[in-house]
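Scroll down for the structure; my scribbles are underneath it.
Keep in mind that the numbers below use all heavy atoms, side chains included, and drop hydrogens, waters and symmetry copies.
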Amino acid sequence: MPINRRVSNHFIRVLHKGLFCYCRCLSHQHVMVDVAEKEIMDNLTFKSDTVLSDVHLHCPNKRHLMVRLNAAGQPVFLSYFKLLWNTHNWASEKNAREATTEKEHQYKSGEELCDKDRNNLKNEREVNIKGLEALLDDDGDLEVVRRPQSASDLEVEDLLRDRVYPVILMRGEEDSFEDEEQECTCSDIVKIEHTMATPLEDVGKQVWRGAFLLADYILFKWDMFRCCTVLELGGGTGITSIIMGTVAKRVYCTDVGEDLLTMCEHNVALNKHLIEQGRSEIKVKVLDWLQDEFCTDPEAPYRWSEAEIADLHDHCTVIMAADVFYDDDLTDALFRTLYRITHNLRNSCTVYLSIEKRLNFTLRHMDVTCEAYSHFRNTLNDLENLQDRKMKYTVEPIKLDFCQFLIYERIEQLELWKVIAERLT
């Protein structure tokens, strides 16, 4: 097949998939607004720079209520994420050990379930591929099915596309939403306020699969993080820090932007019941990767105190960042921040980084590439090969063979990396 035809067919596939995701997103957004806010939501539009998370497309029948508009005028939704496993009793060491034994039994019995889920996903992908191929003719072009002229009224109705639009719920109807969660105990639910579609600079206000992947690993290796002091870079909505807060001693959840940090702080308050079980503390702080120092300005919200900076440097042994590698300049800034902070820590520490390889078609390459991922890997290699007399960085991938504790699609593009920052002097 000539190169231009292959490119054309690829464009059609990408466009078809994009429109499908867009329609599904609109058809399954359920929001709760005041009458005045309803008018704003009546004309939802997606601009050219809009970024949309795939997390909520995995649960098409799930409802996410809109609770307010943020300072930027963006709709904020409240979602409930159910933990698929919860046997921790943080009250005593004895119960913790019993939970460990029970959890190990669950992991052994759950291996077959994980394999079954992976096989189901594989079969589903094969069915989707076959379904897409059925829409193409012998030359690989998209074959459009048209309604026959002699179709009856009933056939016409069946062939028409369903109309999709957001379902607007008025205030006072939230009880129907809460009834869906009443069967779940508080310790089974993580409540997160977030947006669903934002410009690129506000993607931290959404929930991403990389955050769920890192949260899964924390729950899987919970004993390894017990009583630790943890720093999260680019915490966003705070969901990963909240999960870490169920096991760690203290978590510094950091990001930039007062509106985002306010949302994150509110999410921490919403999940106070989970954090108190772990007898932990989560502090929401501002940390700008483009700045060389911690913000200590007394007039700045979410500033650092000298005592908090000293506590971080003296006790931090874990640093984490979930799905924050989408811009090359920000990736460089994050690694510079990692280098600076690890040099100032009293102890060696371990860094956990999750990332999703996002495929994009570029006119420059005339092909599908993962430029942000490639830059991340190159920078990661540079860190490991860095000649430093004070620190040694060892990089290794983490196998994703652990079970899921949150409901999301663990696609093959997700990766988890561990960086061991070892002090030499």
Side-chain angles (χ1 to χ4, degrees), residues 53 55 64-81 83 186-187 189-196 198 201-208 210-212 214-215 218 225 228-289 291 294-309 311-312 316 318-324 334 337 341 406:
S53 171
V55 167
H64 312 276
L65 293 184
M66 177 183 164
V67 292
R68 60 186 174 87
L69 295 175
N70 62 18
Q74 300 161 341
V76 176
F77 298 84
L78 174 63
S79 296
Y80 292 79
F81 298 103
L83 293 173
C186 291
S187 58
I189 294 296
V190 182
K191 303 176 184 179
I192 297 294
E193 285 194 358
H194 60 93
T195 59
M196 281 193 179
T198 63
E201 62 268 18
D202 286 332
V203 292
K205 298 176 182 177
Q206 300 189 53
V207 181
W208 300 94
F212 282 174
L214 188 50
I218 294 168
F225 300 106
C228 290
T229 296
V230 181
L231 170 66
E232 181 176 13
L233 302 176
T237 60
I239 186 169
T240 309
S241 284
I242 291 168
I243 296 298
M244 180 63 83
T246 64
V247 294
K249 177 182 178 181
R250 182 173 293 112
V251 181
Y252 291 97
C253 181
T254 68
D255 215 311
V256 293
E258 185 176 353
D259 189 38
L260 175 58
L261 292 171
T262 301
M263 175 188 289
C264 180
E265 188 176 52
H266 183 60
N267 285 333
V268 171
L270 285 175
N271 295 279
K272 187 178 180 181
H273 58 285
L274 292 174
I275 300 166
E276 287 179 344
Q277 290 183 40
R279 298 180 181 179
S280 181
E281 179 184 20
I282 298 179
K283 295 190 174 185
V284 179
K285 298 294 176 181
V286 59
L287 183 55
D288 190 344
W289 307 339
Q291 303 295 325
F294 292 95
C295 177
T296 58
D297 182 359
E299 301 297 327
Y302 304 102
R303 63 187 178 276
W304 292 76
S305 67
E306 295 297 336
E308 289 167 339
I309 297 175
D311 174 66
L312 180 72
C316 181
V318 176
I319 300 176
M320 60 182 184
D323 209 354
V324 296
L334 180 138
T337 301
I341 291 177
L406 290 158

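Side-chain atoms of I192 and I242, non-hydrogen and from C-beta on, do get closer than 4.5 Å to each other. For the pair M196/P75, no side-chain contact is recorded, criterion being any heavy-atom separation below 4.5 Å from C-beta on. Between L270 and N267 the shortest side-chain heavy-atom distance falls below 4.5 Å. Two residues are said to be in side-chain contact when any heavy atoms from C-beta on lie closer than 4.5 Å; C253 and E265 fail this criterion. Between D297 and R303, every side-chain heavy-atom pair lies at or beyond the 4.5 Å cut-off. Between H194 and I239, every side-chain heavy-atom pair lies at or beyond the 4.5 Å cut-off. By the 4.5 Å heavy-atom criterion applied to side chains, I341 and L287 are counted as neighbours.
Under a 3.5 Å cut-off, the side chain of W208 and the backbone N or O of V203 do form a donor-acceptor pair.
Taking the salt bridge (Lys or Arg N to Asp or Glu O under 4.0 Å) definition, one finds that E308 meets it with K283, K285, sequence neighbours left out. Q206 meets the side chain to side chain donor-acceptor pair (under 3.5 Å) test with T198; sequence neighbours excluded. Applying the salt bridge (Lys or Arg N to Asp or Glu O under 4.0 Å) test to E193 and every residue at least two apart in sequence or in another chain returns R68. When the side chain to side chain contact (heavy atoms under 4.5 Å, CB included) test is applied to C316, the partners found at least two apart in sequence or on another chain are T229, L231, L312, I319, L345. Residues that satisfy the salt bridge (Lys or Arg N to Asp or Glu O under 4.0 Å) test with D323, not counting sequence neighbours, are R358. Under the side chain to side chain donor-acceptor pair (under 3.5 Å) criterion, D311 pairs with R250, Y252, H315, sequence neighbours left out.
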| request: Take V324 and L233 through the side-chain contact (heavy atoms from CB on, under 4.5 Å) test and state the conclusion after the steps. | output: CA-CA 9 Å; V324 296; L233 302 176; over 6 Å; no
| said: With side-chain contact (heavy atoms from CB on, under 4.5 Å) as the criterion, how do V284 and D255 come out once you've worked through the C-alpha distance, each side chain's angles and the decisive distance to 0.1 Å? | reply: CA-CA 8 Å; V284 179; D255 215 311; over 6 Å; no
| task | Take L83 and I243 through the test side-chain contact (heavy atoms from CB on, under 4.5 Å) and record every step on the way to the result. | result | CA-CA 10 Å; L83 293 173; I243 296 298; 4.2 Å; yes
| task | Determine, stepwise, if the pair I275 / V251 fulfils side-chain contact (heavy atoms from CB on, under 4.5 Å). | result | CA-CA 10 Å; I275 300 166; V251 181; over 6 Å; no
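Using modelled atom types, one finds no donor on one side chain facing an acceptor on the other under 3.5 Å when comparing Q74 with T195. For Y302 and T254, the side-chain atoms include no donor-acceptor pair closer than 3.5 Å.
Closest non-hydrogen pair, P301 versus V286, comes out as O-CG1, 4.1 Å. Listed here is the closest heavy atom pair of A72 and D259: N-OD2, 4.3 Å. The two atoms that bring L274 and T246 nearest to each other are O-CG2, 3.9 Å, heavy atoms only. The minimum heavy-atom distance linking V230 with A248 is given by the pair CG2-CB, 3.9 Å. Minimum interatomic distance between A322 and L214 (heavy atoms only, all atoms of both residues): CB-CD2, 4.0 Å. Here the closest heavy-atom approach between residue K191 and residue Y80 is recorded as CE-CE2, 3.6 Å.
Atoms OG and CD1, on S79 and I189 in that order, are 11.0 Å from each other to the nearest 0.5 Å. We find the CG-CZ distance between L406 and F81 to be 8.5 Å, quoted to the nearest 0.5 Å.
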